[in-house]
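Below: the structure, in structure tokens.
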Amino acid sequence: MKQKTYPYKVFVCKDEKATAQACAKALIKIVKQKPSACLGLATGGTCIPVYEQMVKDYQTNHTNYHKIKTFNLDEYINLNPLYVHEGYRAYMNFRLFSQINVQMKNTHFPHYKQPSAYETLIKKSGGLDVQIISLGHNGHIAYNEPGSSLNSITRIITLTPSTIKANSRFFENNQKMVPRKAVSMGIKSILAARKVIVIITGTGKAEAFKHILKNKYDPQWPCSSVIFHKNVEIYVDDKTAKAAKYK
């Protein structure tokens with residue numbers, strides 16, 4: 001039986017900064033509406049300005065994060081000790097957690113020794129109220145690379161050469177230092193969130209955005225799976241929207 005698809009909302013913002021501001025505002029709104037919300041968070045360059053805006057709001061408006069729980073999408077496996085600061089726990093601690101009043105015991109990451117236990121933990125916490133995702137140039141979401149199953153859950157993934165190359169910018173452009181594996185939430189895990197927020201910035205992501213706009217699922221473009229979710233908001237900068245020929 002053909003899987004049902006749903007419409008999604010697209011918000012075109014003036015530039016990358018405005019896109020991050022709009023995305024942060026959407027996350028903050030959820031926290032204010034539900035102080036004990038479960039937030040699914042992402043890392044990568046795209047999300048840095050989002051967290052900067054959340055910190056700025058916290059400093060100005062004192063949004064309360066004391067009761068929230070967070071669940072990050074993924075984490076590297078066998079990260080070289082020289083680059084421990086590039087781990088996603090370190091990223092989140094530095095970019096967000098250390099600058100708001102979240103309880104560190106309520107911040108979670110998947111672990112390679114027991115990947116499926118992450119699914120259980122999320123369910124015990126009541127499920128994700130929102131999951132924010134950005135897109136890889138090849139359309140991956142989290143580390144669900146092209147060809148990943150729609151039914152995939154948290155598991156160990158081997159990174160593709162294109163992803164290793166893209167991530168090398170965080171490792172002094174040395175691809176040999178980029179971990180080959182990561183533990184990542186699956187597509188099914190992501191789509192189980194009650195709301196999915198997609199942030200797309202930079203014209204290099206236009207091709208991936210195009211594959212969402214086709215409204216047709218393509219397993220070689222995992223990002224296209226969001227068409228199966230009932231509540232999706234896409235925030236994209238104007239240049240990228242134009243490059244993807246979004247009208």
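- Side chains of Gln99 and Tyr51: a donor-acceptor N/O pair is absent below 3.5 angstrom, by distance only.
- Linking ILVMFWY side-chain heavy atoms closer than 4.5 Å, directly or via other members, places Val102 and Ile48 in a single hydrophobic cluster.
- In this structure, Lys34 places its NZ atom where more than 12 heavy-atom neighbours from other residues, nucleotides or ligands lie under 6.0 Å away.
- Both Ile190 and Ile200 are members of a single hydrophobic cluster when ILVMFWY side chains are connected at heavy-atom separations under 4.5 Å.
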Worked check of side chain to side chain donor-acceptor pair (under 3.5 Å) between Glu119 and Thr154: CA-CA 7 Å; Glu119 305 285 330; Thr154 306; 2.6 Å; yes
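- Using a cutoff of 4.0 Å between basic side-chain nitrogens and carboxylate oxygens, Asp129 and Arg194 are scored as salt-bridged.
- For the pair Glu52 and Lys56, the minimum side-chain heavy-atom distance is 4.5 Å or more.
- Taking Ile, Leu, Val, Met, Phe, Trp and Tyr as members and joining any whose side-chain heavy atoms lie under 4.5 Å apart, directly or through other members, the hydrophobic cluster of Tyr112 also contains Ile77, Ile156, Val183.
- The shortest side-chain heavy-atom distance between Thr70 and Met92 does not fall under the 4.5 Å cut-off.
- Atom-to-atom distance recorded for Asp15:CG and Asp238:CG is 9.0 Å, nearest 0.5 angstrom.
- For the pair Asn61 (side chain) and Thr63 (backbone), a donor-acceptor distance under 3.5 Å is absent.
- Phe228 has its ring centre less than 6.0 Å from the ring centre of Tyr217.
- We find the CG-OG1 distance between Leu96 and Thr43 to be 12.0 Å, quoted to the nearest 0.5 Å.
- Side-chain atoms of His211 never come within 3.5 Å of backbone atoms of Gln220 as a donor-acceptor pair (strictly under, hydrogens ignored).
- The closest side-chain heavy-atom distance from Ile122 to Cys38 is not below 4.5 Å.
- Hydrophobic clustering, with ILVMFWY side chains joined whenever heavy atoms are under 4.5 angstrom apart, groups Ile157 together with Leu79.
- No side-chain donor-acceptor contact under 3.5 Å links Tyr118 and Asn72.
- In this structure, CG in Leu27 is found 12.5 Å from NZ in Lys32, a value given to the nearest 0.5 Å.
- Within the 4.5 Å cutoff, the side chain of Met54 has no heavy atoms near those of the Cys47 side chain.
- Side chains of Thr19 and Ile199 form a contact here, defined as non-hydrogen atoms less than 4.5 Å apart.
- Of all the heavy atoms in Ala22 and Cys13, the pair that sits closest is CB-SG, 4.0 Å.
- A salt bridge links Glu233 and Lys195; the closest N-O separation between the charged side-chain nitrogens and carboxylate oxygens is under 4.0 Å.
- Side chain of Ser224 to backbone of Asp218: a donor-acceptor contact under 3.5 angstrom is found.
- Rounding to the nearest 0.5 Å gives a distance of 11.5 Å between OG of Ser152 and CD of Glu145.
- The main-chain N or O of Gly44 is found under 3.5 Å from a side-chain atom of Tyr91 such that the two form a donor-acceptor pair.
- Rounding to the nearest 0.5 angstrom, the gap separating the SG atom in Cys223 from the CG atom in Asn144 is 11.0 Å.
- More than 12 heavy atoms of other residues, nucleotides or ligands sit less than 6.0 Å from atom NE2 of His85.
- The heavy-atom pair separating Ile68 from Pro35 by the smallest distance is CG2-O, 3.3 Å.
- Side-chain atoms of Thr158 and Lys181 include a donor-acceptor pair closer than 3.5 Å.
- Checked by atom type and distance alone, the side chain of Thr240 never pairs as donor or acceptor with a backbone atom of Thr201 at under 3.5 Å.
- At least one donor-acceptor pair under 3.5 Å links the side chain of Asn101 to the backbone N or O of Tyr65.
- Other cluster members for Phe94: none, since no ILVMFWY side-chain heavy atom sits under 4.5 Å from it.
- Hydrophobic cluster membership is shared by Ile141 and Val236, with clusters built from Ile, Leu, Val, Met, Phe, Trp and Tyr side chains linked at under 4.5 angstrom.
- In this structure, the side chain of Gln103 engages the main chain of His66 through a donor-acceptor pair within 3.5 Å.
- Separation of atoms CD1 (Ile100) and CG (Asn64) is listed at 9.5 Å; rounding is to 0.5 Å.
- Panel note: side chain Glu75, backbone Arg89; a donor-acceptor pair is recorded below 3.5 Å.
- A donor-acceptor pair is defined here as one N or O able to donate and one able to accept, closer than 3.5 Å; such a pair exists between the side chain of Tyr8 and the backbone of Ile212.
- Annotation: side chain of Leu121 is in contact with side chain of Phe71 (closest heavy-atom distance under 4.5 Å).
- Crowding of Asn78 atom CG: a count of heavy atoms from other residues, nucleotides or ligands under 6.0 Å not exceeding 12.
- In the model, Asn138 has a side-chain atom that pairs as donor or acceptor with a side-chain atom of His140 under 3.5 Å.
- At least one donor-acceptor pair closer than 3.5 Å links the side chain of Lys205 to the backbone N or O of Leu135.
- Within a 6.0 Å radius of NZ in Lys210, more than 12 heavy atoms belonging to other residues, nucleotides or ligands are found.
- In this structure, a donor-acceptor pair under 3.5 Å is present between the side chains of Tyr76 and Asn167.
- No side-chain heavy atom of Glu86 sits under 4.5 Å from any side-chain heavy atom of Met177.
- Put simply, Leu213 and Ile234 are part of the same group of oily side chains (I, L, V, M, F, W, Y) that touch within less than 4.5 Å, one to the next.
- For the pair Phe209/Val10, a side-chain contact is recorded, criterion being any heavy-atom separation below 4.5 Å from C-beta on.
- Between Ser184 and Tyr143 the shortest heavy-atom distance is OG-N, 3.1 Å.
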List the steps, then state whether side-chain contact (heavy atoms from CB on, under 4.5 Å) holds for Gln131 with Leu73. CA-CA 9 Å; Gln131 177 65 63; Leu73 286 171; 3.3 Å; yes
